[in-house]
Structures are given as structure tokens and as C-alpha cells.
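Below is one structure, written out as C-alpha cells, with a few remarks after it.
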Amino acid sequence: MQIPTPSAPVTCIDALTAHETDPRASSPQNITSDGQARTVGVLALQGAFAEHVDYFEACIAQYGHPVHVTLVRTAAQLDRCDALVIPGGESTAMTQIASRMGLHEALARFVQDPRRAVWGTCAGLILLAREAADAAPASAPQRPAALVEPLQALEVAVRRNAFGRQAQSFVATCDFSAFLGPTETQGFPAVFIRAPVIEHVLDPERVEVLHRLAGADGTAGTGPVVAVRQGRILGTSFHPELADDTRFHDWFLREFVLRDTK
Ligand SMILES: NC(=O)CC[C@H](N)C(=O)O
């Protein structure tokens with residue numbers, strides 16, 4: 001499989017409709033407790049934001065979720081959201097653009113708000129982390145990432161570019177059925193592009209490890225941590241919005257955005 005760059009256009013319409021036999025089709029979550037639709041914002045400063053919008057729209061079209069999806073570029077737009085996705089891209093660029101646009105503070109407030117759901121993918125995970133370090137040999141001293149100002153909402157320490165450069169990007173077929181639920185195809189193609197790893201969980205009482213890759217000897221679940229949850233905050237090292245598979249997005253809507261409506 002050719003790995004697209006985060007900003008490359010990705011066409012995935014066929015795969016987006018590939019769940020015709022999915023058992024979830026019979027259980028659309030289309031009523032909220034207060035009768036109001038929820039608004040999911042996708043931070044659109046840089047990176048793979050358009051793909052997230054396409055995947056959410058596909059879930060909404062398929063299951064009738066009472067959710068609007070919108071791009072977020074200003075504090076006023078952010079304020080109208082119940083949930084926010086910070087996409088993959090380049091965390092240094094996003095830091096700079098957010099600061100220049102006066103959005104960094106509003107983002108920091110939003111991700112700390114216990115009423116709001118948040119999901120960071122790849123660069124977005126780096127921005128959510130309590131601590132972020134640049135890639136460096138294991139022997140080198142840990143230094144904070146030079147040009148990234150993390151929002152410090154997710155109690156993890158991440159290392160940027162931990163798997164190497166763009167050319168070392170890869171797809172790992174992962175079994176996420178423990179939290180996505182059982183579906184016909186268990187394997188989920190997790191796309192890693194200059195991805196970070198979660199090196200340390202700083203608060204194990206609050207942060208649940210959702211997935212670890214296989215270890216160096218191939219043993220499942222003994223390698224790097226690549227997906228975590230801290231209550232209403234989700235962090236993934238990889239790009240579910242490039243997977244030709246909407247299960248992750250549907251799960252986020254059901255579990256994080258619409259959950260209080262069950
Ligand atoms: N695919 C990505 O989001 C890459 C993240 C990028 N390496 C960063 O540090 O921000």
C-alpha cells in the first residue's frame with residue numbers, strides 16, 4: 001500500500017459504504033437526550049482535516065447520527081462545538097499557526113473542559129499530550145520538543161517521529177475489536193506516518209491504554225503504545241481517517257460524542 005502524506009487527497013468513497021452487513025446499521029443512535037444535535041469540529045489549520053470530515057459525514061449518512069461536522073479556524077467556531085478533532089499533519093506548524101491566529105488559549109481551554117470530547121490523531125495526539133519530546137537516540141537526554149507547545153490535556157509523554165522519517169511510514173493491521181466491538185472484519189489498517197509513540201503514561205489511573213503494537217519479537221500487545229483514552233479524550237498515533245474504514249470515526253461519535261444520549 002502506498003502511504004499518502006497527511007495533506008494528500010484521499011478518495012475512499014467505496015470503502016466508506018462497505019459496511020452494509022454491519023450489525024450497527026440496525027442501531028442508529030439518532031436521538032439525543034435534549035433533542036439537540038451535537039457539533040463536531042475538526043481543527044482546520046493544517047494537515048489531514050478534510051479526510052476526518054469525509055469520514056464523519058459518511059458515518060452520519062449511514063447511521064443517521066444527530067451530528068453536524070464543521071471546520072474550526074477561529075475561537076468563535078470552536079466555542080460552538082461539543083467535540084473537537086485535532087488532525088494529523090505537523091505539530092510544529094499547527095502550534096505556530098494556532099499562536100499566530102490567537103487560537104492556542106481557546107484550544108487549551110476547550111480541551112480542559114470536561115463537557116467536551118476531544119480526539120487527537122498523530123500530530124493532534126502530540127498537541128494534546130502533557131509532554132512532547134523530539135525524536136532522538138534513546139541514549140540522548142529527554143528534551144521537550146523545540147517548536148511544539150502541547151495543550152497538556154492528556155497525561156502522557158509522547159515522542160515525535162518515533163518510527164523514523166516519511167519513508168519509514170507503514171500500515172499495521174490491528175485488532176481493535178476490544179473497544180470498537182466485533183465486526184466482520186477484525187483487522188483495522190492503522191496508517192503510521194512519521195508517527196509519535198506514547199512513551200510514558202503519566203497518570204495510569206486516568207489513562208487507559210487501548211492498543212499497543214506487536215513487540216520486536218512479534219508478540220502481540222508488547223510493543224509501543226499507540227492508542228489511549230483519558231475519559232472524554234482519545235489519542236491515536238496513527239491515522240484512522242486514511243484507513244478506508246469508518247469504524248473508528250463511528251465509534252468516536254457513539255462513544256465520545258453521543259454517549260450521554262444512550
Ligand atoms: N502524520 C503526522 O501527523 C506526523 C506528525 C509529525 N511528525 C509531527 O511531529 O507533528
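The chain is numbered in sequence order, starting from 1. No experiment lies behind these values; they were computed from the predicted model shown. First listed ligand is number 1; within each ligand, the first listed atom is number 1.
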query = Looking at the rings of Trp119 and Phe248, which for Trp means the six-membered one, are their centres under 6.0 Å apart?
reply = yes
Region of Arg160 engaging ligand 1 - heavy atom pairs below 4.0 Å = side chain
query = What part of Ile126 sits under 4.0 Å from ligand 1 if we count only heavy atoms: the side chain, the backbone, both or neither?
reply = side chain
Any N/O pair [X]/ligand 1 closer than 3.5 Å:
X: Thr121; answer: no
X: Ile193; answer: yes
X: Thr92; answer: no

key: Shortest non-hydrogen contact between Phe56 and Val40, atoms and distance   = CE1-CG1, 4.0 Å
note = Near Gly88 (heavy-atom distance under 4.0 Å), the atoms of ligand 1 are 3 (O)
key: Atom indices of ligand 1, in the order listed, that fall short of 4.0 Å to a heavy atom of Ser91   = 8 (C), 9 (O), 10 (O)
ask   = Is Leu202 linked to Val158 within one hydrophobic cluster, defined over Ile, Leu, Val, Met, Phe, Trp and Tyr using a side-chain heavy-atom separation of less than 4.5 Å?
value = no
query = So, does Met94 sit close enough to ligand 1 that a heavy atom of it is under 4.0 Å from the ligand?
reply = no
request  = Report, as yes or no, whether the 6.0 Å neighbourhood of atom CD on Gln112 holds more than 12 heavy atoms from other residues, nucleotides or ligands.
outcome  = yes
ask   = Hey, are Asp250 and Arg254 close enough for a salt bridge, meaning a charged N less than 4.0 Å from a carboxylate O?
value = yes
query = How far apart are the C-alpha atoms of Arg232 and Glu255, what are their side-chain angles, what is the distance that settles it, and do they pass the salt bridge (Lys or Arg N to Asp or Glu O under 4.0 Å) test?
reply = CA-CA 9 Å; Arg232 68 201 163 76; Glu255 182 68 24; over 6 Å; no
query = Given Gly120, Cys122, Gly124, Pro87, which one has a non-hydrogen atom that is nearest to atom 2 (C) of ligand 1?
reply = Cys122
key: Option whose closest heavy atom lies nearest to atom 5 (C) of ligand 1, chosen from Ala132, Ala48, Gly47, Gly89   = Gly89
Flag for His52-Thr121: side-chain donor and acceptor within less than 3.5 Å = yes
